[in-house]
Amino acid sequence: MNPLAICLLAGITWATVPAWASGEGTYKAVCASCHGQAFPKAPQLGNKTQWAPLIREGQVTLTAHGYVGVRGMPAKGGQADLTLEAFAEALNHMVNQSGGNWKTPDAKTLQAMQAEVAKRQKSKASKAGG
Ligand code: HEC
């Protein structure tokens with residue numbers, strides 16, 4: 001069942017669906033300023049050549065690493081309250097416009113992402129401290 005049908009059944013309106021439910025919305029609000037405007041080194045939406053090697057890293061790894069931040073890529077796209085779910089949806093939007101075919105992560109995949117995020121944060125912290 002799609003999310004809209006679930007909302008209708010639950011008796012709530014589409015307008016109350018949280019913004020993160022739309023990967024495209026999050027992309028436009030948070031990511032497009034860099035990933036849609038030739039920000040130096042940021043892989044651009046729709047550029048299959050730039051995205052292919054990233055897509056090959058896999059959804060869990062790429063989502064987790066992007067969320068934690070890597071080089072010029074700010075953690076959470078620079079929006080401190082962005083959830084992992086919302087980040088994953090925004091990334092799916094970019095990937096799916098750029099030659100990939102990723103889906104909304106299920107519970108198991110999200111768990112794997114969270115584990116990878118924790119691992120990555122730990123190694124970042126130890127580097128900063130060391
Ligand atoms: C301030 C600019 C900026 C914003 C905002 C931003 N990014 Fe990025 N992003 C970058 C840059 C620059 C890189 C390239 C990093 C590098 O390889 O040096 C990057 C790389 C990435 C990568 C590849 C990471 C890797 O492992 O190589 C992902 C995934 C990504 N961004 C996702 C997102 C998502 C999703 C959002 C929005 C929620 C977002 N970015 C918002 C600048 C930005």
Side-chain angles (χ1 to χ4, degrees):
M1 200 185 297
N2 72 39
L4 179 58
I6 293 169
C7 291
L8 291 175
L9 283 177
I12 52 176
T13 65
W14 184 238
T16 61
V17 173
W20 59 258
S22 155
E24 186 177 3
T26 306
Y27 163 76
K28 283 186 179 152
V30 187
C31 323
S33 56
C34 298
H35 288 276
Q37 292 184 23
F39 187 88
K41 294 205 178 129
Q44 296 299 299
L45 181 88
N47 187 322
K48 293 184 184 175
T49 313
Q50 287 175 341
W51 279 99
L54 296 171
I55 290 169
R56 275 200 296 275
E57 286 185 28
Q59 186 173 15
V60 168
T61 305
L62 192 66
T63 305
H65 291 184
Y67 192 68
V68 174
V70 41
R71 296 178 297 270
M73 167 66 198
K76 304 178 186 182
Q79 183 167 315
D81 63 352
L82 195 66
T83 63
L84 182 59
E85 288 90 335
F87 186 89
E89 286 299 341
L91 179 54
N92 278 358
H93 175 72
M94 283 201 276
V95 162
N96 292 345
Q97 300 291 312
S98 314
N101 180 22
W102 286 1
K103 307 224 162 27
T104 297
D106 59 16
K108 215 177 124 205
T109 308
L110 257 180
Q111 237 173 30
M113 285 172 180
Q114 265 149 3
E116 182 66 27
V117 164
K119 209 172 102 190
R120 192 84 171 179
Q121 275 167 343
K122 224 169 129 191
S123 85
K124 262 195 149 182
S126 69
K127 265 181 218 152

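Just so you know, ligand 1 is whichever comes first in the structure, and atom 1 is the first atom listed for that ligand. In what follows, every heavy atom counts, from backbone to side chain, and hydrogens, waters and symmetry copies are set aside. The first residue of the sequence shown is numbered 1, and numbering continues consecutively from there.
The hydrophobic cluster containing Leu84 also contains Met73, counting ILVMFWY residues as joined when their side-chain heavy atoms lie under 4.5 angstrom apart, directly or transitively. Hydrophobic clustering (ILVMFWY, side-chain heavy atoms < 4.5 Å, transitive): Tyr27 and Leu54 are in one cluster.
Nearest to atom 19 (C) of ligand 1 among the protein's heavy atoms is Met73 CB, 3.3 Å. The closest protein non-hydrogen atom to atom 38 (C) of ligand 1 is Cys31 SG, 2.7 Å. For atom 26 (O) of ligand 1, the nearest protein heavy atom (residue, atom name, distance) is Leu62 CD1, 3.5 Å. What sits closest to atom 5 (C) of ligand 1 on the protein, heavy atoms only, is Val30 O, 3.2 Å. Nearest protein neighbour of atom 4 (C) of ligand 1, counting heavy atoms only, is Cys34 SG, 3.3 Å. In terms of protein heavy atoms, atom 24 (C) of ligand 1 is closest to Val70 CG1, 3.4 Å. The protein atom (non-hydrogen) at minimum distance from atom 14 (C) of ligand 1 is Lys41 O, 3.4 Å.
Under a 4.0 angstrom heavy-atom cut-off, Pro74 registers as being in contact with ligand 1. Residue contacts with ligand 1 do not include Ala86, since none of its heavy atoms lies under 4.0 Å from the ligand.
Distances below 4.0 Å separate heavy atoms of Leu82 from the following atoms of ligand 1: 38 (C). Using a 4.0 Å cut-off to heavy atoms of Pro40, the atoms of ligand 1 that qualify are 12 (C). Counting atoms of ligand 1 from 1 in the listed order, those under 4.0 Å from a heavy atom of Gly77 are 5 (C), 41 (C).
Residue-level proximity to ligand 1 for Leu54 is carried by the side chain, the only part with a heavy atom below 4.0 angstrom. If you look at Tyr27 next to ligand 1, there are no close heavy atoms at all, none under 4.0 Å. In Pro43, the part holding a heavy atom less than 4.0 Å from any atom of ligand 1 is the side chain. The part of Met94 lying near ligand 1 is the side chain, judged by heavy-atom distances below 4.0 Å.
For atom 9 (N) of ligand 1, the nearest non-hydrogen atom from the set His65, Gln50, His35 comes from His35.
On a distance-only criterion, Trp51 and ligand 1 share no N/O pair closer than 3.5 Å. At a 3.5 angstrom cut-off on N or O pairs, Arg71 counts as close to ligand 1.
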